[in-house]
Amino acid sequence: MNLYWVKTNAFIRKLFSNYIWLLPNNDKKIYLTFDDGPIPEITEWILEELRIHNAKATFFCIGKNVEANPELFEKIVTQGHSIGNHTHNHLNGWKSNTSDYLENFQDCEKTLARCSEKLNYALPKFFRPPYGKIKKSQAKKIKNKGYKIIMWDIVSGDFDRNISQEKCLNNIIKNIEAGSIVVFHDSLKAYRNLKYALPKVLAYLQDNNFKCVQLDTKNVPARK
């Protein structure tokens with residue numbers, strides 16, 4: 001039994017309407033996102049699959065992984081993808097006090113800003129809480145810094161070693177719609193399912209005239 005919704009429940013989206021869950025549109029735009037990287041080999045493989053299918057995406061990066069792999073951060077940016085903050089050490093907000101959580105968020109912010117400045121990249125203020133777990137007090141402080149909190153419409157389940165590769169693929173194919181924000185993971189744990197599902201998802205989206213675009217300040221509305 002999954003302990004997560006593959007398709008985010010509409011009641012949850014309404015209850016937490018100050019977060020971004022999906023971006024409905026009439027142009028069949030889809031927003032693929034990758035959490036937890038950058039990771040050697042895996043990030044490069046993801047980037048190559050995106051290039052092959054002429055797709056853009058958004059990478060929610062862990063600060064310590066960016067520090068360890070700045071060249072991969074550079075590849076993500078120079079290939080036209082967007083970047084978001086995913087904390088410095090992948091903190092669970094529910095298990096962290098607000099001051100510690102905000103400090104960790106800021107550590108990631110500084111790392112991303114430093115790397116972005118070298119590339120002359122205008123870093124968007126996007127934040128995704130690890131595990132989707134964040135306290136109201138934490139979210140308020142992060143939003144007060146001008147950030148938009150990006151959640152998701154579909155969880156691929158690539159991190160779930162108890163599901164088959166086919167199930168991971170079908171989680172997306174059966175639930176995708178214009179405006180969906182889809183979560184994949186740029187991680188070793190997810191790689192078995194990701195390697196199977198991502199190329200097939202990209203081919204399916206291409207065959208059905210969906211457009212994979214990155215999140216940017218123009219297509220993500222503000223939430224109070």
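- Arg114 has no carboxylate O lying under 4.0 Å from a charged side-chain N of Glu117, or vice versa, which leaves the two without a salt bridge.
- Summarising the local packing, NZ of Lys56 is surrounded by more than 12 heavy atoms from other residues, nucleotides or ligands at distances under 6.0 Å.
- A distance-only check finds no donor-acceptor pair linking the side chain of Asp27 to the backbone of Lys29 [under 3.5 Å].
- Shortest non-hydrogen contact noted between Glu177 and Ile30 is O-CD1, 3.0 Å.
- Without hydrogens or angle criteria, Thr33 side chain to Val182 main chain gives a donor-acceptor distance under 3.5 Å.
- Listed by first then second residue, pairs satisfying ring pair (Phe, Tyr, Trp, His ring centres under 6.0 Å) with a partner in residues 62-81 read Phe59-His81, not counting sequence neighbours.
- Side-chain atoms of His86 never come within 3.5 Å of backbone atoms of Ile62 as a donor-acceptor pair (strictly under, hydrogens ignored).
- Ring pair Tyr191/Trp45: centre-to-centre distance below 6.0 Å.
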Yes or no on side chain to side chain contact (heavy atoms under 4.5 Å, CB included) for Thr87 and Tyr101, after CA distance, side-chain angles and deciding distance? CA-CA 8 Å; Thr87 75; Tyr101 193 80; 4.0 Å; yes
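- Of the N and O atoms on the side chains of Asn144 and Lys140, not one donor lies less than 3.5 Å from an acceptor on the other residue.
- Summarising the geometry, atom CG belonging to Asn171 is positioned 9.0 Å from atom CD1 belonging to Ile154; distances are rounded to the nearest 0.5 Å.
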Ser116/Ile83 under side chain to side chain contact (heavy atoms under 4.5 Å, CB included): CA gap, chis, key distance, verdict: CA-CA 9 Å; Ser116 296; Ile83 298 291; 5.8 Å; no
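- Looking at Tyr121 and Ser82, their side chains come closer than 4.5 Å, going by heavy atoms from C-beta outward.
- The closest donor-acceptor contact from the side chain of Asn219 to the backbone of Asp216 lies under 3.5 Å.
- In terms of modelled atom types and a separation under 3.5 Å, the side chain of Lys148 and the main chain of Pro124 share no donor-acceptor contact.
- Judged by distance alone, the side chain of Asn85 and the main-chain N or O of Phe127 form no donor-acceptor pair under 3.5 Å.
- With hydrophobic clusters built from ILVMFWY side chains whose heavy atoms lie under 4.5 angstrom apart, Tyr131 does not share a cluster with Tyr4.
- Applying the salt bridge (charged side-chain N to carboxylate O under 4.0 Å, His left out) rule to pairs touching residues 72-93 yields Glu44-Lys75, sequence neighbours excluded.
- Contact detail for Thr43 and Pro38: the closest heavy-atom pair is OG1-CA, 3.3 Å.
- Ser187 places no side-chain N or O within donor-acceptor distance of the main-chain N or O of Asp36, the cut-off being under 3.5 Å.
- Between Glu103 atom CD and Thr98 atom OG1 the span is 13.0 Å, to the nearest 0.5 Å.
- The aromatic rings of Tyr19 and Phe16 lie parallel to each other, with less than 30° between the two planes, well short of the 60° mark.
- Distance check, rounded to the nearest 0.5 Å: CG of Leu202 to CG of Leu32 gives 6.0 Å.
- Within a 6.0 Å radius of CG in Asn208, more than 12 heavy atoms belonging to other residues, nucleotides or ligands are found.
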Worked verdict on Lys64 versus Glu67 for salt bridge (charged side-chain N to carboxylate O under 4.0 Å, His left out): CA-CA 5 Å; Lys64 68 175 184 179; Glu67 286 184 343; over 6 Å; no
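- Heavy-atom neighbours of Lys195 NZ from other residues, nucleotides or ligands within 6.0 Å: at or below the threshold of 12.
- Between the side chain of Gln79 and the backbone N or O of Arg51, no donor-acceptor pair lies under 3.5 Å.
- For the pair Leu23 and Pro221, the tightest heavy-atom approach, listed with the atom from each and the gap, is CD2-CD, 3.4 Å.
- Between Cys115 and Val66, the closest heavy-atom pair is SG-CG1, 3.7 Å.
- Placement of Ile176 and Leu198 within a single hydrophobic cluster is found when ILVMFWY residues are connected by side-chain heavy-atom separations under 4.5 Å, directly or transitively.
- In terms of hydrophobic clustering, with Ile, Leu, Val, Met, Phe, Trp and Tyr side chains grouped at heavy-atom distances under 4.5 Å, Trp152 and Trp5 are assigned to a common cluster.
- Atom-to-atom distance recorded for Asp207:CG and His53:NE2 is 8.5 Å, nearest 0.5 angstrom.
- Between Ser180 and Leu22, every side-chain heavy-atom pair lies at or beyond the 4.5 Å cut-off.
- Distance check: Leu194 CG to Asp186 CG gives 8.0 Å after rounding to the nearest 0.5 Å.
- Put simply, CG on Asn69 and SG on Cys61 are 10.0 Å apart, with the number rounded to the nearest 0.5 Å.
- More than 12 heavy-atom neighbours from other residues, nucleotides or ligands sit within 6.0 angstrom of CG on Asn9.
- The ring pair (Phe, Tyr, Trp, His ring centres under 6.0 Å) contacts involving residues 195-221 comprise nothing, where partners must be two or more places apart or lie in separate chains.
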Met151 vs Ile181, side chain to side chain contact (heavy atoms under 4.5 Å, CB included): CA-CA, chis, key distance, verdict: CA-CA 8 Å; Met151 293 301 204; Ile181 299 175; over 6 Å; no
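- The side-chain hydrogen bond (donor to acceptor under 3.5 Å, both in side chains) with Tyr147 is formed by just one residue from the set Glu109, Lys141, Lys125; it is Glu109.
- Across all their heavy atoms, Asn193 and Cys168 have their closest contact at CB-SG, 3.9 Å.
- Side-chain atoms of Asn92 come within 3.5 Å of backbone atoms of Trp94 as a donor-acceptor pair (strictly under, hydrogens ignored).
- In terms of hydrophobic clustering, with Ile, Leu, Val, Met, Phe, Trp and Tyr side chains grouped at heavy-atom distances under 4.5 Å, Leu205 and Ile52 are assigned to different clusters.
- Just one of Asp35, Thr8, Ile150 meets the side-chain contact (heavy atoms from CB on, under 4.5 Å) condition when paired with Val183; it is Asp35.
- With hydrogens and angles ignored, the 3.5 Å screen pairs a side-chain donor or acceptor of Asp158 with a backbone N or O of His185.
- Phe184 pairs with exactly one of Phe34, Tyr31, Phe159 by the ring pair (Phe, Tyr, Trp, His ring centres under 6.0 Å) rule, that one being Phe34.
- Annotation: Lys28, atom NZ; neighbour count of heavy atoms from other residues, nucleotides and ligands within 6.0 Å is above 12.
- Annotation for Ile172 and Ser156: closest pair CD1-CB, 3.6 Å, computed over non-hydrogen atoms.
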